Colleague: 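I'd like to ask you about the structure that follows.
We're numbering straight along the sequence, starting at 1. No experiment lies behind these values; they were computed from the predicted model shown.
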Amino acid sequence: MDQNVEEVGLEERLKSALWLSIGKIVDEETLKLGVNATPQFIGALTEMVWAQIETVSQDLESFAKHAGRSTINVSDVMLLARRNEGLESIMRAFVDQMREEEEESS
């Protein structure tokens with residue numbers, strides 16, 4: 001029971017941190033655009049992002065498990081991004097850059 005309470009508490013803290021981050025981004029963008037965003041909008045956007053995070057995390061776990069691993073790695077993330085060409089190309093460039101930097105430092 002205590003573990004369940006801890007998990008709920010952790011989830012609430014994570015959602016609060018997400019709400020705060022999204023709120024900051026929305027505030028910055030609304031200032032640039034000269035528009036207003038209601039707290040209800042920020043709350044709805046937070047819930048949508050949270051649902052997406054849950055889906056993505058479940059998919060990544062499934063990919064790793066299917067590959068016989070208990071740890072998610074770059075190949076799992078790239079597999080997730082395969083249907084979004086723009087995202088995949090950005091991520092591929094990032095991964096390639098990280099590998100080059102890693103090779104240079106070795």
Colleague: Would a hydrophobic clustering, with Ile, Leu, Val, Met, Phe, Trp and Tyr connected at side-chain separations under 4.5 Å, put Leu33 with Phe41?
Modeller: no
Colleague: Once rounded to the nearest 0.5 Å, what's the spacing between atom CD1 of Ile90 and atom CZ of Arg92?
Modeller: 13.0 Å
Colleague: Hey, can you pull the donor-acceptor pairs under 3.5 Å for the side chains in residues 22-30, sequence neighbours left out?
Modeller:
residue	atom	partner	partner atom	Å
Glu29	OE2	Lys32	NZ	3.2
Thr30	OG1	Val26	O	3.0
Thr30	OG1	Asp27	O	3.0

Colleague: What donor-acceptor contacts under 3.5 angstrom involve side-chain atoms of residues 44-53, with partners at least two apart or in another chain?
Modeller:
residue	atom	partner	partner atom	Å
Thr46	OG1	Ile42	O	2.7
Trp50	NE1	Glu54	OE2	3.1

Colleague: Can you list, by chain and residue number, the hydrophobic cluster partners of Met78 when the side-chain cut-off is 4.5 Å?
Modeller: Val56, Leu60, Phe63, Ile72, Val74, Val77, Leu79, Leu80, Leu87, Met91, Val95
Colleague: Do any pairs count as a salt bridge (Lys or Arg N to Asp or Glu O under 4.0 Å) and have a residue in residues 96-106, sequence neighbours left out, and if so which ones?
Modeller: none
Colleague: Taking salt bridge (charged side-chain N to carboxylate O under 4.0 Å, His left out) as the test, write out the residues that go with Arg69, two or more places apart.
Modeller: Asp76
Colleague: Are more than 12 heavy atoms, taken from residues, nucleotides or ligands other than Arg82, located less than 6.0 Å from that residue's CZ atom?
Modeller: yes
Colleague: Tell me, please, which residues at least two apart from Glu88 pass salt bridge (charged side-chain N to carboxylate O under 4.0 Å, His left out).
Modeller: none
